[in-house]
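Every value quoted in this text rests on a predicted model; they were computed, and no experiment measured them.
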Amino acid sequence: MFSESRIRLKELEREERYVFHGSGMRIAKLEPRQAITIVDGKMVDDGPPAIYASSLLDYAIFMALLNKENCPSGARSSCSYENGELKFGASQATLDQMTDRSIGHVHVLRRSDFTLRGGCEWFATSALEPVEVIEVRWNDFDCPISIMEQHMLE
């Protein structure tokens with residue numbers, strides 16, 4: 001059974017007027033940040049500094065929960081959107097740190113303030129205040145998570 005938080009977020013997702021940004025913190029005003037991706041084992045800038053959000057709620061919940069507070073030993077995870085489907089991955093060490101007390105925050109933002117980057121990912125290059133910030137817990141996330149193999153983490 002899902003929490004009232006997840007039920008509320010699913011209602012907002014169905015309206016298709018919002019995008020969702022997950023964070024370990026409740027943020028009153030989101031500021032553009034430099035996204036980083038790993039290419040050939042090296043960290044490189046991923047696009048211009050921006051606020052990144054998803055039209056798919058589960059992406060934001062996953063990002064909100066895998067944070068420094070919940071994973072003090074570090075988190076290794078991935079999320080991809082392939083053929084209209086989200087695919088999640090995490091190391092076993094990351095998942096072992098998650099408990100019923102693990103929380104995060106989903107920031108609900110107006111989709112009209114964002115530009116579609118591709119797939120389910122949107123971006124905005126100006127600071128924005130969320131319409132709502134909703135606390136989520138580990139049990140609000142029910143998607144399958146593949147265990148990332150060690151060689152994928154190096």
Side-chain angles (χ1 to χ4, degrees), residues 2-3 5-10 12-14 16 18-27 30-109 111 113-125 128 130 133-154:
F2 291 122
S3 70
S5 294
R6 179 166 175 99
I7 292 167
R8 170 72 179 138
L9 286 163
K10 288 301 283 183
L12 293 170
E13 181 184 44
R14 278 191 293 277
E16 296 184 357
Y18 302 102
V19 292
F20 307 95
H21 175 87
S23 175
M25 303 176 294
R26 178 180 297 272
I27 304 169
L30 289 107
E31 302 280 344
R33 301 270 188 249
Q34 182 61 60
I36 303 293
T37 193
I38 298 174
V39 177
D40 296 328
K42 295 181 181 158
M43 293 175 33
V44 297
D45 291 352
D46 186 2
I51 300 165
Y52 291 94
S54 178
S55 54
L56 299 178
L57 174 61
D58 288 317
Y59 192 128
I61 292 175
F62 188 70
M63 299 302 288
L65 290 167
L66 298 181
N67 62 59
K68 291 177 186 175
E69 293 295 319
N70 295 336
C71 302
S73 299
R76 293 289 187 126
S77 64
S78 68
C79 182
S80 63
Y81 186 70
E82 301 169 19
N83 301 320
E85 182 181 351
L86 282 173
K87 295 187 179 192
F88 299 96
S91 69
Q92 188 62 55
T94 297
L95 296 176
D96 289 346
Q97 296 176 78
M98 303 305 290
T99 70
D100 291 342
R101 294 185 311 274
S102 299
I103 64 167
H105 298 88
V106 173
H107 300 76
V108 180
L109 301 142
R111 191 179 292 195
D113 292 333
F114 284 75
T115 301
L116 181 62
R117 182 175 184 197
C120 66
E121 190 173 53
W122 297 71
F123 75 98
T125 55
L128 296 169
V133 181
I134 299 175
E135 184 178 283
V136 292
R137 298 189 173 271
W138 185 234
N139 62 353
D140 288 319
F141 186 80
D142 73 336
C143 298
I145 302 171
S146 298
I147 302 302
M148 296 170 66
E149 296 177 30
Q150 185 60 35
H151 75 276
M152 295 175 70
L153 304 176
E154 296 171 347

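Looking at residues two or more places apart in sequence or on another chain, you find a side chain to side chain contact (heavy atoms under 4.5 Å, CB included) between Asn139 and Arg137. By the side chain to side chain contact (heavy atoms under 4.5 Å, CB included) test, Thr115 is found to be paired with Phe123, residues two or more places apart in sequence or in another chain being considered. Checked against side chain to side chain contact (heavy atoms under 4.5 Å, CB included), Leu116 has the following partners two or more places apart in sequence or in another chain: Trp122. Scored by the side-chain hydrogen bond (donor to acceptor under 3.5 Å, both in side chains) test, Ser3 finds Asp140 as partners (sequence neighbours excluded). Remark: Arg111 engages no residue in a salt bridge (Lys or Arg N to Asp or Glu O under 4.0 Å) (not counting sequence neighbours).
For Met98, the CE atom is densely surrounded, since the number of other residues' heavy atoms within 6.0 Å is greater than 12. Within 6.0 Å of the CG atom in Asp142, the count of heavy atoms belonging to other residues, nucleotides or ligands exceeds 12.
Pairs of residues two or more places apart, or lying in two chains, that qualify as ring pair (Phe, Tyr, Trp, His ring centres under 6.0 Å) and include a residue from residues 73-102 are Phe62-Phe88, Phe88-Phe141. Sorted by first and then second residue, the salt bridge (charged side-chain N to carboxylate O under 4.0 Å, His left out) pairs with a member in residues 84-95 read Glu82-Lys87; sequence neighbours excluded. Sequence neighbours left out, the pairs with a member in residues 30-50 that pass salt bridge (charged side-chain N to carboxylate O under 4.0 Å, His left out) are Asp46-Arg117. Within the structure, salt bridge (charged side-chain N to carboxylate O under 4.0 Å, His left out) pairs that include any residue of residues 89-98 do not occur (at least two apart or interchain). Listed by first and then second residue, the side chain to side chain donor-acceptor pair (under 3.5 Å) pairs that reach into residues 49-74 are Arg6-Asp58, sequence neighbours excluded.
The NE2 atom of His21 lies 5.0 Å from the CG atom of Leu30; values are rounded to the nearest 0.5 Å. Once rounded to the nearest 0.5 Å, the distance linking CD of Gln92 with CD of Gln97 reads 11.0 Å. Rounding to the nearest 0.5 Å places CE of Met43 at 10.5 Å from CD of Gln34. Note that OG1 of Thr94 is 6.5 Å distant from CG of Leu66, once rounded to the nearest 0.5 Å. The distance from atom CD of Glu135 to atom CG of Leu9, rounded to the nearest 0.5 Å, is 11.5 Å. In this structure, CG on Asp100 lies 13.0 Å from CD1 on Ile103, to the nearest 0.5 angstrom.
Here the options are Val106, Val19, Ile134, Leu57, the test is side chain to side chain contact (heavy atoms under 4.5 Å, CB included), and the partner is Leu12; only Ile134 passes.
Closest non-hydrogen pair, Ile51 versus Phe114, comes out as O-CE2, 3.5 Å. In terms of heavy atoms, His105 sits closest to Val133 at CB-CG1, 3.9 Å.
No side-chain heavy atom of Tyr18 sits under 4.5 Å from any side-chain heavy atom of Leu109.
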Open item on the list: Determine whether Leu86 and Cys143 satisfy the following criterion, side chain to side chain contact (heavy atoms under 4.5 Å, CB included), listing intermediate values before the conclusion.
Closed with: CA-CA 9 Å; Leu86 282 173; Cys143 298; over 6 Å; no

